[in-house]
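Remarks on the structure that follows.
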Amino acid sequence: MKPVTLLLALLLSHAAHADAPPEDIPMYAVSLVGSPYRLGGTTPETGLDCSGFVGHVFKQTLGVLLPRTSVAISKATRILTQPELQPGDLVFFNTMRSAFSHVGIYLGDNRFVHAASNRSGKVMVSSLNDQYWRDRFDGARRIAPEIQAAPVDAAE
């Protein structure tokens, strides 16, 4: 079974929770695996950085505009403990000797999807169990319902 097919099967079989993020967030995020990395990038066609990737996914799936940087996204979201993580939640890492310098979207089964510059130069799936990510884990967050309900400005 292909890794993407396996991930989609895991996502679809995961039990629903009332306050969990919508299922289309991780499904759309996985569909972008292989998209190129570009510092400052915000579209799959021209390349994405980590916060541009997360922002693009949430804009396309929920129609909301998130802050542009991973630090600002961390401040605009609700703190979770790792056991509370649901597919579609955000995971943050200290990759540049700075808190919340990298962000990805949790998929379930300790896996997350993110735009990685040094590891592959593209959007990829990684494991929270990998020592590199485990050592740099900064916490988990969820997009608050009030953010989910806020529409993207029509001028954007």
Side-chain angles (χ1 to χ4, degrees), residues 11 14 16-33 35-44 46-120 122-156:
L11 293 172
H14 189 48
H17 290 71
D19 63 345
E23 287 181 7
D24 51 345
I25 295 168
M27 291 179 71
Y28 181 68
V30 167
S31 78
L32 297 173
V33 167
S35 297
Y37 176 88
R38 182 173 63 88
L39 183 63
T42 59
T43 69
T46 60
L48 300 151
D49 66 10
C50 68
S51 57
F53 167 71
V54 169
H56 174 78
V57 169
F58 278 83
K59 184 176 180 182
Q60 295 301 310
T61 59
L62 296 180
V64 297
L65 188 62
L66 293 178
R68 180 58 189 99
T69 68
S70 55
V71 171
I73 293 170
S74 75
K75 292 177 182 177
T77 51
R78 186 173 54 120
I79 298 171
L80 300 173
T81 62
Q82 199 163 353
E84 293 176 297
L85 271 170
Q86 297 294 321
D89 286 331
L90 303 177
V91 286
F92 291 88
F93 304 89
N94 179 338
T95 58
M96 300 171 63
R97 296 187 179 137
S98 177
F100 304 104
S101 54
H102 189 69
V103 62
I105 298 172
Y106 186 68
L107 298 173
D109 197 30
N110 283 322
R111 300 184 65 76
F112 66 102
V113 60
H114 59 120
S117 62
N118 294 335
R119 294 206 150 221
S120 69
K122 62 185 177 185
V123 174
M124 64 183 288
V125 175
S126 296
S127 174
L128 291 173
N129 295 328
D130 289 347
Q131 185 172 351
Y132 179 85
W133 297 113
R134 188 175 60 242
D135 290 348
R136 289 162 177 80
F137 185 73
D138 254 350
R141 303 281 193 272
R142 181 169 294 156
I143 302 298
E146 58 271 14
I147 294 175
Q148 289 183 19
V152 173
D153 186 294
E156 291 292 323

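Given the structure is predicted, the values throughout are model-derived calculations rather than measurements.
Within the 4.5 Å cutoff, no side-chain heavy atoms of Val113 are placed close to those of Val57. Side-chain contact between Leu39 and Ser117 is absent, with no heavy atoms from C-beta onward closer than 4.5 Å. Looking only at side-chain heavy atoms (C-beta outward), Arg141 and Val103 stay at 4.5 Å or farther from each other. Residues Ile25 and Ile143 fail the side-chain proximity criterion, which asks for heavy atoms closer than 4.5 Å.
Nearest heavy atom pair, residue Arg142 against residue Gln86, reads NH2-CG, 3.3 Å. The two residues Tyr106 and Arg111 come nearest to each other via the heavy atoms CD1-O, 3.4 Å. Across Val71 and Ala99, no two heavy atoms sit closer than the pair CG2-O, 3.7 Å. When all heavy atoms of Gly88 and Ile105 are compared, the pair lying nearest together is CA-CG2, 3.9 Å. Residues Ser74 and Thr77 approach most closely at O-OG1, 3.2 Å, considering heavy atoms.
Tested against Phe112, the residues Phe137, Trp133, Phe53 include a single ring-ring contact (aromatic ring centres under 6.0 Å, His included) partner, Trp133.
If you take CG on Leu85 and CG on Asp109, they are separated by 12.0 Å, rounding to the nearest 0.5 Å. Rounding to the nearest 0.5 Å gives a distance of 6.0 Å between NZ of Lys59 and CG of Leu65. Residue Thr61 holds its OG1 atom at 5.0 Å from CG of Asp24, rounded to the nearest 0.5 Å. Here CG of Asn110 is found 6.5 Å from CD of Gln82. Values are rounded to the nearest 0.5 Å.
Here Pro67 pairs with Ala72, Ile73, Ala76 under the side-chain contact (heavy atoms from CB on, under 4.5 Å) rule; sequence neighbours left out. Arg68 pairs by the side-chain contact (heavy atoms from CB on, under 4.5 Å) definition with Thr42, Asp49, Ser51, not counting sequence neighbours.
Separation of the Tyr37 and His114 ring centroids does not fall under the 6.0 Å cut-off.
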Show me the donor-acceptor pairs within less than 3.5 Å that the side chains of residues 90-98 make with the rest of the protein, sequence neighbours left out.
unit_1	atom_1	unit_2	atom_2	d
Asn94	OD1	Arg97	N	3.0
Asn94	OD1	Ser98	N	2.8
Thr95	OG1	Ser101	OG	3.3

